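One structure is given here, and the rest of the page talks about it.
Predicted, not measured: the structure shown is a model, and the values here were computed from it.
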Amino acid sequence: MVELKNAEALEAMREAGRVVAHALDAAREAAAVGVALRELDEVARAVIDAAGATSPFLGYRPSFAATPFPAVLCASVNDAVVHGIPGDYRLRDGDLLSLDCGATLDGWTGDAAISCIVGTPRPGDRELIDTAQRALDAAIAAAVPGNRIGDISHAIDTVAREARCGMPADFGGHGIGRQMHEDPPVPGRGRPGRGYPLRPGLTIAIEPMMMAGGRDSYYEDTDGWTLRTTDGSRAAHIEHTVAVTEDGPRILTLP
């Protein structure tokens, strides 16, 4: 079931989204050579706690997961596409780091992700992140009343294919509101004019995941969560929570 949000709910989601943005900014600022991923999770957790919010990630266990997620932050490095568990790995010069975070405040949830480079960029990494950002920008631009979910998915797919990037076909964005994952799903591929209609009050998390090698295949790491590219190529993941409004798309996860 899809719940369309009124103005009051959108304002509440905006506040939750602000917490997410601040947590991601703090984690990105703390990301440096020698810093353990676990430390970044602690930074994000402190921001969420200080805001009086909770984490929808911590303890989350979807049907595909053997164990609950143990952190408030997903930290995915290099060939890890999404869902990386922040453990004892210490960042190295040139790592491509993707951070995904959520927060629930006063019953409403926000979800966003960023990708960044630690230290010296490697060839192609900046372009990969820029491609993910272009895909997100194009998808957000398509999130207007009268369009459909397929228009958003097609916008992502078009940018990915032009850049010859792969995408994990069965993972993508989702509806969001009172829960982190709600209807409708927002896949990375779709046909324009198809799928659920976009109406004012619809809130969705749009999250392009780009894999530099061009393949769509991935595998699940032994931790039961982290998804990695099968060819070892690097990946970037960027996400915003977005509301469809009569005045155009509204990003809810900005600082």
Side-chain angles (χ1 to χ4, degrees), residues 21 24-25 27-37 39-40 73-87 89-101 111-142 152-173 186-190 205-223 225-240 251 253:
L24 286 172
D25 284 346
R28 173 167 46 191
E29 186 173 342
V33 175
V35 174
L37 298 181
E39 296 175 66
L40 301 184
L73 187 73
C74 293
S76 306
V77 180
N78 297 333
D79 66 328
V81 186
V82 287
H83 302 163
I85 296 176
Y89 176 85
R90 294 191 176 275
L91 292 167
R92 302 171 183 174
D93 187 49
D95 278 346
L96 197 168
L97 172 66
S98 296
L99 300 170
D100 189 358
C101 189
D111 185 9
I114 58 174
S115 288
C116 60
I117 299 166
V118 179
T120 308
R122 294 190 181 185
D125 283 356
R126 174 50 58 192
E127 181 180 355
L128 181 64
I129 294 173
D130 289 346
T131 297
Q133 185 64 60
R134 288 199 311 274
L136 179 59
D137 292 344
I140 292 173
I152 293 174
S153 303
H154 180 70
I156 296 171
D157 191 34
T158 298
V159 173
R161 296 312 168 200
E162 288 177 350
R164 298 184 178 180
C165 288
M167 292 188 296
D170 48 354
F171 281 87
V186 186
R189 289 192 186 84
I206 305 174
E207 47 183 321
M209 307 168 197
M210 299 291 157
M211 302 190 293
R215 299 180 182 179
D216 296 336
S217 56
Y218 63 88
Y219 70 95
E220 185 180 277
D221 207 340
T222 55
D223 63 17
W225 276 96
T226 308
L227 304 185
R228 297 187 181 275
T229 61
T230 54
D231 57 6
S233 64
R234 295 190 169 208
H237 173 213
I238 300 181
E239 175 185 15
H240 269 309
I251 300 175
T253 41

Can T229 and D79 be counted as having a side-chain donor-acceptor contact under 3.5 angstrom?
no

Judged by modelled atom types alone, do T230 and S217 share a side-chain donor-acceptor pair under 3.5 Å?
yes

Contact check, side chains of D100 and L73, non-hydrogen atoms, under 4.5 Å
no

Nearest 0.5 angstrom please: T131 OG1 to I156 CD1, how far?
13.0 Å

Can we say E39 and R90 salt-bridge, meaning some charged N sits less than 4.0 Å from an Asp/Glu carboxylate O?
yes

Which atoms form the tightest heavy-atom contact between A236 and A132, and what is the distance?
CB-CB, 4.3 Å

For the CG atom of D170 and the CG atom of L227, what is their distance to the nearest 0.5 Å?
8.5 Å

Are M209 and M167 side-chain neighbours, meaning at least one heavy-atom pair lies under 4.5 Å?
no

Does the T120 side chain pair with the main chain of G94, one donor and one acceptor, at a distance under 3.5 Å?
no

Smallest heavy-atom separation, T226 atom then G84 atom, equals OG1-CA, 3.4 Å

How about V118 and D93: do any of their side-chain heavy atoms sit closer than 4.5 Å?
no

Can a donor-acceptor pair be found between the side chains of T253 and H240 at a distance below 3.5 Å?
yes

Side chain proximity check, F171 to E207, heavy atoms < 4.5 angstrom
no

Are there more than 12 heavy atoms of other residues, nucleotides or ligands under 6.0 Å from atom CD of E29?
no

Side-chain heavy atoms of C165 within contact of L128, under 4.5 Å:
yes

Does some side-chain heavy atom of D95 sit less than 4.5 Å from a side-chain heavy atom of N78?
yes

Working to the nearest 0.5 angstrom, can you tell me the gap between L40 CG and Y89 OH?
11.5 Å

Is it true that Y218 and D231 share a donor-acceptor pair across their side chains at a distance under 3.5 Å?
no

Any salt bridge between D125 and R234, counting N to O under 4.0 Å?
yes

Do side-chain atoms of S153 reach the backbone of G190 as a donor and acceptor pair under 3.5 angstrom?
no

Regarding D137 and R134, does a basic nitrogen lie under 4.0 Å from an acidic carboxylate oxygen?
no

Considering non-hydrogen atoms only, spot the tightest contact between S98 and H237 and give its length.
OG-N, 3.4 Å

Are I206 and L136 close enough that some pair of their side-chain heavy atoms sits under 4.5 Å apart?
yes

Between L97 and L37, is there a side-chain heavy-atom distance shorter than 4.5 Å?
yes

